[in-house]
Chemist: 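The structure under discussion is supplied below as C-alpha cells; questions concerning it will follow.
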Amino acid sequence: MRLFSGLTFLPGIAGALAAATTSQTKTIPNSHPAIYYHGRWDSSPGTWWAGSGLKLHVKHLCSLALNLGPHTTAPFAAVGVSIDYQDFFTVNASAGANVIPLSSSLADKRGDTTVVRINVEGWQNNRINLESVTLNSDAELLPYGPSRLAFQFIGDSLSAGQFLPLGVDQAWPFLVGEHFRAEHRITAQPGATLTDMVSYGNVHGVSFQFFRTEDTGYYYTTDHNFTTPWNFARDQPPATHIVIHIGANDASHSISDADFVEVYSKFLAHLRTIYKHQPIFVFTPWGWPSADGSISQYYEGQYQNIVDKRVATGDKNIFLVDTTGWVTFADVFPDNQHPNVPGHAKIAAKFAAWLENWGLRAAPQWATPV
Ligand SMILES: *[C@@H]1O[C@H](CO)[C@@H](O)[C@H](O)[C@H]1NC(C)=O
Ligand SMILES: *[C@@H]1O[C@H](CO)[C@@H](O)[C@H](O)[C@H]1NC(C)=O
C-alpha cells in the first residue's frame with residue numbers, strides 16, 4: 001500500500017493534462033450520423049474502389065485528423081482532400097492518426113462552416129479503415145446535404161484515373177461530377193473486362209464486380225480475401241445518371257462482337273433492376289491513338305447496336321455518347337495510350353458539353369454551401 005500511496009499526487013497531474021488535451025480536441029466515432037460516406041465501404045468500415053470516401057461539414061473547424069484502423073493499406077493509401085471545394089491535394093494516410101493540413105485561412109473563418117471532402121485516389125492501395133475523426137473541441141459536426149445530382153460511373157482504367165498523379169481526382173468522371181456540382185460514385189477497375197473473366201490480374205469482370213462492395217483487389221489481400229454484395233440502398237441519394245465506358249479489355253481478350261453485345265445487354269438489364277428510371281449513357285470508345293495520327297478502334301458499331309437493342313425492348317432512357325475524335329495522341333501518355341492530365345480535362349469538358357446539350361444543368365451552387 002505504501003507503494004501506491006506514493007502515487008496519490010498523480011491523478012491531479014494526470015487530470016490536468018487530460019483537461020488540457022480534451023480542451024483542444026474531441027473525437028467523433030465512425031458511427032456518427034453526420035459523417036457522409038460515399039462510394040463503397042465495407043463494414044470495418046473501409047473503402048474499396050478509387051473515389052470512395054467521406055465528406056464532413058464542420059462549424060469552427062481548426063484541426064482535423066483521420067484515425068485509421070488496421071484495414072488501411074500499408075504503408076499508406078493516397079487520399080485526395082479538398083477544403084471548401086478548392087482543388088484536391090494528396091495526403092498519404094496510414095493506420096493511426098493522420099493530421100489533415102488545413103489552410104490557415106480557416107482560422108479567419110471562425111463562425112462559418114467548412115466542407116472537407118476526402119476520397120481514396122488510387123485504383124489499388126486504396127483502403128482506408130476509418131475508426132474516428134478528431135476535431136478541435138469547439139468544432140461542431142453538422143450534417144452534409146448531398147447534391148440532388150448523383151452520377152454513377154462504371155468503367156475500367158480509362159475511368160479510374162490510372163497513371164494520373166492524383167488518380168481518380170483528375171479523371172474525367174470525377175471532373176464531370178465537379179462541373180455539375182454533383183455527387184460522384186466511380187466504380188472502375190483497371191484491366192477489367194465487362195465479361196466476367198480473369199483479366200490482367202482481375203479475378204472477375206465488371207459485370208460481376210460492379211454489384212459487389214469490394215473491387216477486385218480483395219483477392220490480393222489477406223485481411224479481407226472475400227467479396228460481399230453491395231447494398232445499393234446505401235447509395236444516398238440514389239444515382240440520378242448512369243455513365244458506362246467499357247470494352248477495351250474485352251477487345252484485348254478477343255471477346256467477339258456477338259459475345260460482347262450479349263454480355264453488355266445482360267449487364268444493362270441487370271442495372272435496370274437497380275436503376276429503374278435513370279438515364280443511362282453508353283460511351284463508344286475513343287480508341288487507342290498512335291503517334292502517326294491513327295486511332296485503333298474496337299467494337300465499331302456495336303455500342304450503337306447495344307443501345308438499339310435496349311431501345312427495342314422499350315427502354316427509351318438510354319443514350320449513345322459518340323466519343324469518336326475526343327482523344328488524340330497529344331491527349332495520352334505516349335507509352336500506355338491512356339489519357340494524360342490535360343486529356344482527362346478535355347474528355348470531361350466534351351462530355352459536360354454533351355450533357356448540357358442533352359439538357360442537364362449544373363446545380364447553381366454546392367448543396368452544402370460554405
Ligand atoms: C506520397 O507518397 C508518394 C510515394 O512515396 C510520394 O511520391 C508523394 O510525394 C507523397 N505525397 C505526400 C503529399 O506526402
Ligand atoms: C485469396 O484466396 C484465394 C482463394 O479463394 C487464393 O487463391 C489467393 O491466393 C488468396 N490471396 C491471398 C493474398 O491470400
Side-chain angles (χ1 to χ4, degrees), residues 40 42-44 46-56 61 63-106 114 116-130 133-134 157 160-171 174 189-193 195-230 333 335-336 338 340-341 344:
R40 305 269 172 103
D42 66 27
S43 60
S44 65
T47 51
W48 298 88
W49 305 90
S52 295
L54 64 144
K55 297 176 188 184
L56 302 171
L61 183 66
S63 74
L64 170 63
L66 298 182
N67 305 309
L68 302 181
H71 300 291
T72 300
T73 300
F76 62 82
V79 166
V81 179
S82 161
I83 313 288
D84 288 346
Y85 306 108
Q86 302 299 306
D87 290 344
F88 280 81
F89 60 88
T90 302
V91 172
N92 289 333
S94 305
N98 297 270
V99 173
I100 304 298
L102 301 175
S103 152
S104 53
S105 67
L106 282 186
T114 300
V116 184
R117 301 185 297 162
I118 295 172
N119 65 60
V120 291
E121 292 178 349
W123 62 275
Q124 59 182 358
N125 303 321
N126 56 10
R127 298 176 63 202
I128 59 169
N129 170 206
L130 187 72
V133 170
T134 300
S157 57
Q162 192 179 9
F163 308 118
L164 301 178
L166 296 186
V168 75
D169 291 335
Q170 286 172 317
F174 200 89
Q189 186 71 53
T193 44
T195 307
D196 188 20
M197 62 185 284
V198 172
S199 173
Y200 303 117
N202 296 292
V203 66
H204 282 291
V206 170
S207 61
F208 173 85
Q209 207 67 37
F210 176 72
F211 302 97
R212 315 299 286 184
T213 305
E214 300 80 8
D215 59 53
T216 59
Y218 80 83
Y219 188 79
Y220 297 98
T221 72
T222 50
D223 65 315
H224 189 115
N225 187 356
F226 55 90
T227 178
T228 57
W230 175 245
F333 293 110
D335 52 345
N336 59 43
H338 283 68
N340 52 28
V341 172
H344 273 276

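Counting starts at 1 for both ligands and their atoms, following the listed order. All figures in this text were calculated on a predicted structure; none of them were measured in a lab.
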Chemist: Indicate yes or no: does an N/O atom of Thr90 lie under 3.5 Å from an N/O atom of ligand 1?
Modeler: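 In this structure, Thr90 places no N or O atom under 3.5 Å from an N or O of ligand 1.
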Chemist: Flag atom 2 (O) of ligand 1 as yes if some protein heavy-atom distance to it falls below 4.0 Å, otherwise no.
Modeler: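 Yes, because at least one protein heavy atom sits under 4.0 Å from atom 2 (O) of ligand 1.
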Chemist: Under a 3.5 Å threshold, yes or no: a donor from one side chain and an acceptor from the other, between Trp48 and Asp42?
Modeler: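 Result is yes, a qualifying pair exists.
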Chemist: Would you say the side-chain atoms of Arg40 and Thr213 include a donor-acceptor pair closer than 3.5 Å?
Modeler: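 No, no side-chain donor-acceptor contact under 3.5 Å.
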Chemist: For Phe76, which part has a heavy atom under 4.0 Å from ligand 1: side chain, backbone, both, or neither?
Modeler: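 Near ligand 1, Phe76 shows its side chain, while the N, CA, C and O stay back.
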Chemist: Classify the side-chain pair Thr73/Asn125 by whether it contains a donor and acceptor separated by less than 3.5 Å.
Modeler: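 Thr73 vs Asn125: no donor-acceptor pair found between side chains.
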Chemist: Among side-chain atoms of Gln209 and Thr216, is any donor-acceptor pair under 3.5 angstrom?
Modeler: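 On atom types as modelled, these side chains do not qualify, holding no pair under 3.5 Å.
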Chemist: Does any donor atom in the side chain of Ser52 or Asn126 lie under 3.5 Å from an acceptor atom in the other side chain?
Modeler: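 Judged by distance alone, the side chains do not pair up.
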Chemist: Quick check on atom 11 (N) of ligand 1 - does any protein heavy atom sit closer than 4.0 Å to it?
Modeler: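 Under 4.0 Å from atom 11 (N) of ligand 1, at least one protein heavy atom found.
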Chemist: Assess whether side-chain contact (heavy atoms from CB on, under 4.5 Å) is satisfied between Lys55 and Arg117, documenting all intermediate values.
Modeler: CA-CA 5 Å; Lys55 297 176 188 184; Arg117 301 185 297 162; 3.9 Å; yes
Chemist: How far is atom 6 (C) of ligand 1 from its nearest protein heavy atom, and which residue and atom is that?
Modeler: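 The closest heavy atom on the protein side is Asn92 ND2, 4.2 Å.
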Chemist: Hey, is ligand 2 close enough to Tyr219 that some N/O pair sits below 3.5 Å?
Modeler: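 Indeed, backbone or side chain, Tyr219 has an N or O that close.
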Chemist: May I ask you to identify the nearest protein heavy atom to atom 14 (O) of ligand 2, giving residue, atom name and distance to one decimal place in Å?
Modeler: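 Minimum-distance protein heavy atom for atom 14 (O) of ligand 2 reads Asn225 ND2, 3.5 Å.
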